[in-house]
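A quick write-up on the structure given underneath.
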2 protein chains.
Amino acid sequence: MGTQQVHPIQEPKYWRLRTVLGRALDSEFAVGEVLPNERDLAARFGVARATLRQALDQLELEGRLHRRRGIGTLVAGSRVGVPVGGGEGQEPAPHDTWHVVDHADTTPPVKVLRALALTDKAPVHRVLRARRTRGQVVGTEYLYVPADLLPDLDATPAGAQRARAVLHAFWELDAEEASRSVELGVAEPDVAQVMENPPGTPVLVVTTWYRLRGRVAALSVGTYRADTCRLTFGEAEPVPLAS
Amino acid sequence: MGTQQVHPIQEPKYWRLRTVLGRALDSEFAVGEVLPNERDLAARFGVARATLRQALDQLELEGRLHRRRGIGTLVAGSRVGVPVGGGEGQEPAPHDTWHVVDHADTTPPVKVLRALALTDKAPVHRVLRARRTRGQVVGTEYLYVPADLLPDLDATPAGAQRARAVLHAFWELDAEEASRSVELGVAEPDVAQVMENPPGTPVLVVTTWYRLRGRVAALSVGTYRADTCRLTFGEAEPVPLAS
DNA sequence: GAGTGGTCTAGACCACCAT
DNA sequence: TGGTGGTCTAGACCACTCC
């Protein structure tokens with residue numbers, strides 16, 4: 001049988017490593033436990049450190065590992081469910097809170113301007129909030145509201161105080177959440193800083209269109225840590241899917 | 001001023017490169033255009049190829065680039081919106097179709113068993129479908145239905161034919177979509193093959209719980225290409241957010 | 001065969017954290 | 001001060017695609 005293949009599909013080393021390490025995480029490690037360091041692990045499996053790191057990158061994308069510089073590589077627990085809408089009767093749990101960070105009148109990104117059908121001269125409120133679950137910052141949100149939607153807003157306060165005023169005024173408009181989308185992105189430095197995360201970290205970007213009197217009135221762009229978050233829609237899941 | 005800092009925040013080279021290349025994509029390249037090859041780009045920016053590739057990895061995560069072995073690195077268009085639920089009146093567009101691939105009676109993953117409150121002895125239907133949008137496979141779905149929910153199913157057909165029979169029988173139950181969640185994952189080899197994608201590609205994993213007569217009756221696990229998909233909920237967005 | 005991205009190596013140095 | 005992960009280098013070879 002001279003045509004027998006030793007490598008049936010030519011599986012890369014790092015993918016094989018990912019599988020092996022993943023099984024080890026299931027059977028031999030507890031959540032929060034620290035793995036051997038990368039140099040030792042690489043030596044143990046007979047690969048270069050860069051190859052070992054490729055395998056760890058995969059497991060980190062899956063939310064099964066956390067790596068902290070100066071500390072080590074830790075086994076992650078299951079992701080926390082973060083309600084992002086759809087469930088109309090959802091009352092916020094006490095361990096799930098918003099923390100208003102800041103307000104600005106800066107010009108929004110071009111994408112936002114286009115979605116709101118505005119020119120770059122139109123004044124727009126931008127409110128930055130951070131979302132905390134069990135003490136951990138899991139995500140941030142930029143809310144963009146055209147200023148002419150809130151004519152009765154007094155101009156005196158600034159910063160977080162003004163942000164709260166904008167939020168309350170916007171809530172009183174009772175705009176409808178018309179649509180929502182989720183896609184993958186990476187954390188820009190501004191949100192990364194709020195999320196206590198390095199820039200470039202994978203994030204889930206949630207865009208919400210608000211409608212008022214048949215028109216797109218406002219837009220919010222939420223950014224959630226992809227490593228620790230599982231976004232939930234509708235009611236909370238009947239049974240947790242923890243591993 | 002001897003304490004002046006030359007590198008205020010010590011920005012990594014690959015992050016700076018990502019920003020520079022990202023701007024170049026906006027201003028100097030058209031969708032579908034091929035970038036210079038990695039060796040030339042690395043030389044042009046005076047970095048090692050591995051560093052250049054780190055920057056390209058980031059841009060690929062953001063869905064701004066596609067890399068094809070043997071071809072080159074191409075500028076990606078905006079992501080395609082894929083409706084995944086919530087919009088009750090959503091009629092499927094002609095360019096958005098499901099293609100039933102296969103049926104199996106294999107034991108589901110442990111996570112699924114636990115969510116359905118089943119033992120690993122209980123027979124469960126597993127239907128695999130692929131979702132196509134404009135000729136491109138954008139995602140796959142495993143639907144898990146306990147066999148005792150479909151007692152009237154005749155046992156004769158097999159493969160895709162049986163899969164369709166299971167789907168129709170399940171639809172007639174008219175189960176309620178109780179909850180839904182989205183998280184980040186990587187493509188396992190089985191779904192990667194259906195999606196015409198290499199294993200390890202980032203994907204958005206959509207889990208849907210179906211409820212029937214107050215009980216969790218079935219579960220579906222959808223897997224969508226994170227590079228090309230933007231998942232949409234509710235109505236289609238009023239204004240596309242294309243760049 | 002020539003050109004592309006994908007994988008892998010063996011090293012080096014840096015930033016961060018604990019002690 | 002020593003250990004950790006993060007970054008970066010300069011190469012090599014492989015798999016795939018097109019001509």
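Below, chains carry the letters A, B, ... as their sequence lines are ordered, and counting in each starts from 1.
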Side-chain donor/acceptor of R79(A) to backbone N/O of L184(B), under 3.5 Å: yes
G22(B) backbone acceptor or donor facing R64(B) side chain under 3.5 Å: yes
d(CG, D57(B); P, dG5(C)) in whole Å: 13 Å
Distance, nearest 0.5 Å, that separates CZ of R129(B) from CG of D102(B): 13.5 Å
Phosphate contact (dT7(D) OP1 or OP2) by T51(B) side-chain N/O below 4.0 Å: no
Distance, rounded to the nearest Å, where L41(B) contributes CG and dG6(C) contributes P: 13 Å
DNA chain C contacts made by residues 187-201 of chain B, counting heavy atoms under 4.0 Å: none
Separation of dA10(C) P from Q54(A) CD (nearest whole Å): 15 Å
Atom-to-atom span, CH2 of W15(A) to P of dC8(C) - whole angstrom: 13 Å
Nearest-nucleotide pick for E38(B), side chain only, options being dT9(C), dA10(D), dG6(C): dG6(C)
Heavy-atom neighbours of Q136(A) CD exceed 12 at 6.0 Å: no
Of R68(B) and G46(A), the one whose closest DNA chain C nucleotide lies more 5': R68(B)
L128(A) side chain reached by V194(A) side chain, heavy atoms, under 4.5 Å: yes
Protein-to-nucleotide contact annotation, 5' to 3' order, nucleotides 12-19 of chain D [B base; S sugar-phosphate only; - none; under 4.0 Å, heavy atom]: BB-BBSS-
Residues that A50(A) engages under side chain to side chain contact (heavy atoms under 4.5 Å, CB included), provided they are two or more places apart: none
R53(A) side chain near dG6(D) phosphate (N/O to OP1/OP2, under 4.0 Å): yes
Closest to side chain of Y14(B), choosing from dT7(C), dT9(D), dT7(D): dT7(D)
Distance, rounded to the nearest Å, where R18(B) contributes CZ and dT7(D) contributes P: 14 Å
F233(B) and F233(A) aromatic ring geometry - parallel, tilted or perpendicular at 30°/60° bounds: parallel
N37(B) side-chain N/O to dG3(C) phosphate OP1/OP2 under 4.0 Å: no
Interatomic distance where CD belongs to E11(B) and P belongs to dG6(D) [whole Å]: 18 Å
Spacing between L35(B) atom CG and dG5(C) atom P, to the nearest angstrom: 9 Å
K13(A) side chain, from C-beta outward: closest of dC8(D), dG5(D), dT9(C): dT9(C)
R180(A) side chain to V84(A) backbone, donor-acceptor under 3.5 Å: yes
Below 4.0 Å: OP1/OP2 of dG6(D) and any side-chain N or O of R67(A): yes
d(CG, L65(A); P, dT4(D)) in whole Å: 16 Å
Any donor-acceptor pair under 3.5 Å from S27(B) side chain to R23(B) backbone: yes
Under 3.5 Å donor-acceptor, E33(A) side chain and A30(A) backbone: yes
